[in-house]
Colleague: 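My questions will all concern the structure given below.
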Amino acid sequence: PMTITRNDPGKWLSRTVEYNGVVYVAGLTADNRAGSMKEQTNEILRKIDAALQKAGTDKSRLLTATVYVSDMSKKEEMNEAWIAWIDPNNPPTRATVGTVLGTPDTLVEIVCNAAKK
């Protein structure tokens, strides 16, 4: 059987899970929830970079992402951060969903998967 590797396991989730050459990144939110949607997105993208690096891969290997935003009227703020961050030669598939998030000041949550190097 293939090995499942759980990185940074916590009480209710692991930061990443690796299986069959794919890294699954948990839904990440910003620690600084006082920031704008763009600022929160930038913080989350830095967290994704760190999680992928720890798992031995990077954003150029992203396969798919789901971005949850609390206010679709501010989606363009998230997109500005996203477009500046992604590898323009290797954009993943992506969906953006408007929804109520865990706390009123959580404006963005991002879940993604990447292939191992």
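Because only heavy atoms are used, hydrogens play no part in the values below, and waters and symmetry mates are left out as well, while side chains stay in.
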Colleague: In terms of hydrophobic clusters joined by side-chain contacts under 4.5 Å, are L63 and L52 together?
Modeller: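 They do not share one cluster, since no chain of ILVMFWY contacts under 4.5 Å joins L63 to L52.
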Colleague: Ion pair present between R61 and D87, side-chain N to carboxylate O less than 4.0 angstrom?
Modeller: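 D87 and R61: not salt-bridged.
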Colleague: Quick one, N79 and E76 - any side-chain contact, counting heavy atoms below 4.5 Å?
Modeller: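 Counting from C-beta outward, N79 and E76 do come under 4.5 Å.
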Colleague: Which atoms form the tightest heavy-atom contact between R6 and S14, and what is the distance?
Modeller: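 That closest heavy-atom pairing would be CB-OG, 3.5 Å.
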Colleague: Out of V67, T64, T66, I110, which one pairs with R94 under the side chain to side chain contact (heavy atoms under 4.5 Å, CB included) rule?
Modeller: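 Between R94 and the candidates, side chain to side chain contact (heavy atoms under 4.5 Å, CB included) is satisfied uniquely by V67.
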Colleague: Working to the nearest 0.5 Å, report the span between CG of D49 and CD1 of I44.
Modeller: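 The CG atom of D49 sits 12.5 Å away from the CD1 atom of I44.
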Colleague: To the nearest 0.5 angstrom, please state how far the OG1 atom of T93 sits from the CG atom of L62.
Modeller: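 Atom-to-atom, T93:OG1 and L62:CG are 9.5 Å apart.
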Colleague: As a quick check of understanding, evaluate side chain to side chain contact (heavy atoms under 4.5 Å, CB included) for V69 and M37, giving each step before the final call.
Modeller: CA-CA 8 Å; V69 295; M37 185 169 289; 4.0 Å; yes
Colleague: Using a 4.5 Å cut-off on heavy atoms from C-beta on, say whether the side chain of V111 contacts that of Y68.
Modeller: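 Yes, at least one pair of side-chain atoms sits under 4.5 Å.
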Colleague: Given side chains that start at C-beta, do those of N32 and E43 come closer than 4.5 Å, heavy atoms only?
Modeller: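 Of all side-chain heavy-atom pairs linking E43 with N32, at least one is under 4.5 Å.
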Colleague: Quick check: does any side chain N or O of K47 sit under 3.5 Å from a backbone N or O of T29, one acting as donor and the other as acceptor?
Modeller: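 Checked: pair present.
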Colleague: Just wondering, do D58 and Q53 contact through their side chains at under 4.5 Å, heavy atoms?
Modeller: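 They are not in side-chain contact.
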Colleague: Nearest heavy-atom pair of E109 and G27: which atoms, and what distance?
Modeller: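 Between these two residues, the closest heavy atoms are OE2-CA, 3.4 Å.
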Colleague: For atom CD of E80, is the number of surrounding heavy atoms from other residues, nucleotides or ligands below 6.0 Å larger than 12?
Modeller: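 Counting neighbours around CD of E80, more than 12 heavy atoms of other residues, nucleotides or ligands fall under 6.0 Å, so yes.
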Colleague: Should W82 and L101 be counted in the same cluster of Ile, Leu, Val, Met, Phe, Trp and Tyr side chains packed under 4.5 Å apart?
Modeller: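 No.
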Colleague: To check you understand the geometry: which heavy-atom pair defines the closest contact between A51 and T16, and what is its length?
Modeller: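 It is CB-CG2, 3.8 Å.
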Colleague: So does R33 get a backbone contact from the side chain of Q40, meaning a donor-acceptor N/O pair under 3.5 Å?
Modeller: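 Confirmed, Q40 side chain pairs with R33 backbone.
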Colleague: Hey, is NZ on K54 packed in by over 12 heavy atoms from elsewhere, all under 6.0 Å?
Modeller: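 For K54, atom NZ is not crowded (no more than 12 foreign heavy atoms under 6.0 Å).
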Colleague: Quick check: is V23 connected to I86 through a chain of hydrophobic side chains (ILVMFWY, heavy atoms under 4.5 Å apart)?
Modeller: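 Yes, it is one cluster - the side chains of I86 and V23 are joined through contacts under 4.5 Å.
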Colleague: Hydrophobic clustering (ILVMFWY, side-chain heavy atoms < 4.5 Å, transitive) - are L28 and L13 grouped together?
Modeller: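 Unlinked, L13 and L28 end up in two clusters.
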Colleague: Out of curiosity, D105 CG to S70 OG, how far, rounded to the nearest 0.5 Å?
Modeller: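 D105 CG to S70 OG: 9.5 Å, rounded to 0.5 Å.
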Colleague: Using side-chain heavy atoms (C-beta onward) and a distance below 4.5 Å, is N90 in contact with K59?
Modeller: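 No; the side chains remain at least 4.5 Å from each other.
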Colleague: Could you state the interatomic distance from OG1 (T41) to NZ (K75), rounded to the nearest 0.5 Å?
Modeller: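 The OG1 atom of T41 sits 12.0 Å away from the NZ atom of K75.
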Colleague: Find the distance between CE (M78) and CG (D71) and round it off to the nearest 0.5 Å.
Modeller: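 Answer rounded to 0.5 Å: 11.5 Å.
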Colleague: Assigning hydrophobic clusters by single linkage (Ile, Leu, Val, Met, Phe, Trp, Tyr; side-chain heavy-atom cutoff under 4.5 Å), is M2 placed with V17?
Modeller: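 In one cluster: yes.
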Colleague: Compare every heavy atom of N89 with every heavy atom of P91, then report the nearest pair and how far apart it is.
Modeller: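 Reported closest heavy-atom pair: CD-C, 3.5 Å.
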Colleague: Do the non-hydrogen side-chain atoms of I48 and W85 ever get within less than 4.5 Å of each other?
Modeller: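 The answer is yes; the side chains approach within 4.5 Å.
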Colleague: I would like to know whether E18 and N7 meet side chain to side chain donor-acceptor pair (under 3.5 Å); could you show each step before the answer?
Modeller: CA-CA 8 Å; E18 300 174 41; N7 298 312; 2.7 Å; yes
Colleague: Determine the minimum heavy-atom distance between Y24 and Y19, stating which atoms define it.
Modeller: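 Shortest heavy-atom separation between Y24 and Y19 comes out as CE1-O, 4.2 Å.
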